[in-house]
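Data block below; observations after.
Computed from a prediction, not measured in an experiment: that's the story for all the values here. Heavy-atom basis, side chains included; hydrogens, waters and symmetry copies ignored.
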Amino acid sequence: MRLLSQLHEGPLLKEMDESEREAVLGRLHDSNAVVARFLALPMLVFAGLLLWISLKRSEAGLLESSWVYTALAFSHAVYALGVLPSLALWAGDRLRKQQQRLTLKVHICVMSGGLLLMAVLGIIERGGLVLLAVALLVGNLMYQVPLKPRLAFNAVAFMACGFVVFLTARPEEHIPALVRSTEFIALVIVITVVGGLHNRQRLMSFLAEHRMTQIAMIDALTGVSSRRRLDTVLQTELAAVARGRDLTVILLDVDRFKSVNDRFGHDVGDDVLRALARVLQQGARLTDVIGRWGGEEFMVVCTGTMAGEAAQLAERLAQALRSTPVAVVGKVTASFGVAQAVPGEMPRQLVERADRALYQAKHAGRDRVIVDLSSVAVAA
């Protein structure tokens with residue numbers, strides 16, 4: 001039971017929230033798509049080789065009956081038709097999730113049946129059997145399907161094909177057929193256990209990476225976006241500016257923050273930063289991205305916004321900060337610099353202009369908003 005729980009992805013997925021589950025399964029899908037594209041051509045070549053061998057054996061009279069030849073041709077066709085189209089469609093990301101699952105069910109059932117039929121009839125050697133079992137494993141693990149349905153699909157295919165073979169085989173062939181089918185099923189079980197453990201390990205690895213990325217994207221002290229996420233957002237939004245979308249950045253700095261640290265200590269300084277972050281989160285719009293740029297500097301990335309509207313938002317944020325006293329310190333203010341992006345501008349250039357406007361606000365007496373007029377003129 002413990003081994004089964006280690007193979008089963010369901011409990012692990014249930015522990016994740018919706019965003020984590022979507023991100024992890026998305027990473028798993030992308031990873032599997034790479035494998036699918038890599039395996040598509042070798043699988044086509046291998047299926048063609050098997051069919052060519054079958055034809056040669058038929059010409060040489062090595063096949064005992066038309067029934068055996070028909071079963072062999074069917075199993076090869078199952079291999080080619082069950083694997084290649086599903087891999088090609090799925091790797092190209094042209095199937096919806098429901099279609100992927102349906103394709104998987106058909107693929108696993110027909111491929112399992114075909115491989116088992118080949119094994120029971122003794123058509124392939126053990127070396128080829130290993131290759132085909134690995135191919136079956138690829139089909140089992142290629143899609144995001146839980147362990148129990150996956151095992152159920154294989155079990156049904158094994159029993160159905162085994163029943164048909166024993167009904168059609170001569171009595172003296174029952175024992176050899178049973179031995180060969182047992183070898184095949186044992187091989188598939190071993191590989192499925194190893195593959196299942198590997199699949200769960202991949203999920204855990206992707207989940208750990210996702211959580212580490214999320215941690216890196218959040219500022220630990222204030223809970224707003226980190227500098228890293230702000231850099232990513234600026235890169236993305238500036239690319240949209242080149243296509244005609246507006247973007248404005250608000251850069252703000254706590255006034256006389258050094259004196260707060262010197263007088264009250266760094267713990268109180270941290271309280272001031274957390275209070276400022278709360279004001280920004282409560283006063284900004286849902287489409288704005290709020291982050292800590294560094295030290296006592298914060299940034300608000302206003303997407304789809306021109307400088308005038310962003311300046312009004314900055315004024316509201318400045319007023320909200322004045323009206324929110326911080327314990328021990330009392331009234332806290334900040335200076336704001338506003339700069340609107342222009343097409344072809346790099347993130348560093350945009351931030352430098354906002355920083356110059358912030359510098360002007362500091363020298364003009366602090367607790368005010370200054371707009372970089374050069375960007376407004378270019379935008380106009």
Inter-residue atom distance [X].[atom1] - [Y].[atom2], 0.5 Å rounding:
X: Glu296; Y: Leu252; atom1: CD; atom2: CG; result: 10.5 Å
X: Asp355; Y: Gln360; atom1: CG; atom2: CD; result: 10.5 Å
X: Ser225; Y: Asp219; atom1: OG; atom2: CG; result: 9.0 Å
X: Met306; Y: Asp246; atom1: CE; atom2: CG; result: 5.0 Å
X: Glu352; Y: Arg356; atom1: CD; atom2: CZ; result: 6.5 Å
X: Arg292; Y: Arg274; atom1: CZ; atom2: CZ; result: 10.0 Å

The complete set of side chain to side chain donor-acceptor pair (under 3.5 Å) pairs with one or both residues in residues 327-338, sequence neighbours excluded, reads Asp255-Thr333, Asp255-Ser335
Whether Thr222 side chain and Leu273 backbone form a donor-acceptor pair below 3.5 Å
no
I'd like to know if the side chain of Glu297 and the backbone of Gly294 have a donor-acceptor N/O pair within less than 3.5 Å. no
Pairwise side-chain contact, [X] with [Y], heavy-atom cut-off 4.5 Å (strictly under):
X: Glu345; Y: Arg353; value: yes
X: Met217; Y: Thr232; value: yes
X: Asp372; Y: Gln340; value: no

In one Ile/Leu/Val/Met/Phe/Trp/Tyr side-chain cluster, 4.5 Å: [X], [Y]:
X: Phe336; Y: Ile370; result: no
X: Val332; Y: Val328; result: yes
X: Met346; Y: Val342; result: no
X: Val329; Y: Phe298; result: yes

Residue set satisfying ring pair (Phe, Tyr, Trp, His ring centres under 6.0 Å) with His363, at least two apart, ordered chain then number -> Tyr359
Output a table of donor-acceptor pairs, distance under 3.5 Å, between side-chain atoms of residues 310-317 and any protein atom two or more places apart or on a different chain; print 'none' if there are none.
none

Using a 3.5 Å cut-off and no angle test, enumerate the donor-acceptor pairs between side-chain atoms of residues 276-288 and protein atoms at least two apart in sequence or in another chain.
residue : atom : partner : partner atom : Å
Arg285  : NE   : Asp288  : OD1          : 3.3
Arg285  : NE   : Asp288  : OD2          : 3.0
Arg285  : NH1  : Thr305  : OG1          : 3.4
Arg285  : NH1  : Glu309  : OE2          : 2.9
Arg285  : NH2  : Asp288  : OD1          : 2.7
Arg285  : NH2  : Thr305  : OG1          : 2.8
Asp288  : OD2  : Arg285  : N            : 2.9

Cluster membership besides Met299, Ile/Leu/Val/Met/Phe/Trp/Tyr side chains within less than 4.5 angstrom, sorted by chain and number, is Leu230, Val233, Leu234, Leu238, Val241, Leu247, Val249, Leu251, Val289, Trp293, Val301, Leu350, Val351, Leu358
Can I get a per-line list of side-chain donor-acceptor pairs under 3.5 Å for residues 319-326, giving both atom names and the distance, sequence neighbours left out?
residue : atom : partner : partner atom : Å
Gln319  : OE1  : Arg322  : NH1          : 2.7
Gln319  : NE2  : Ser323  : OG           : 3.1
Arg322  : NE   : Asp367  : OD1          : 2.9
Arg322  : NE   : Asp367  : OD2          : 2.9
Arg322  : NH2  : Asp367  : OD1          : 3.4
Ser323  : OG   : Gln319  : O            : 3.0
Thr324  : OG1  : Ala320  : O            : 2.6

| Does CZ in Arg366 sit with more than 12 non-hydrogen atoms of other residues, nucleotides or ligands closer than 6.0 Å? | yes
Query raised in the report: Can Glu237 and Arg245 be said to form a side-chain contact (heavy atoms from CB on, under 4.5 Å), step by step?
Result: CA-CA 8 Å; Glu237 294 301 326; Arg245 185 176 182 181; 3.5 Å; yes
Please determine whether side-chain hydrogen bond (donor to acceptor under 3.5 Å, both in side chains) holds for the pair Ser259 and Asp262, giving the CA-CA distance in whole Å, both sets of side-chain angles, and the decisive distance to 0.1 Å. CA-CA 5 Å; Ser259 63; Asp262 292 343; over 6 Å; no
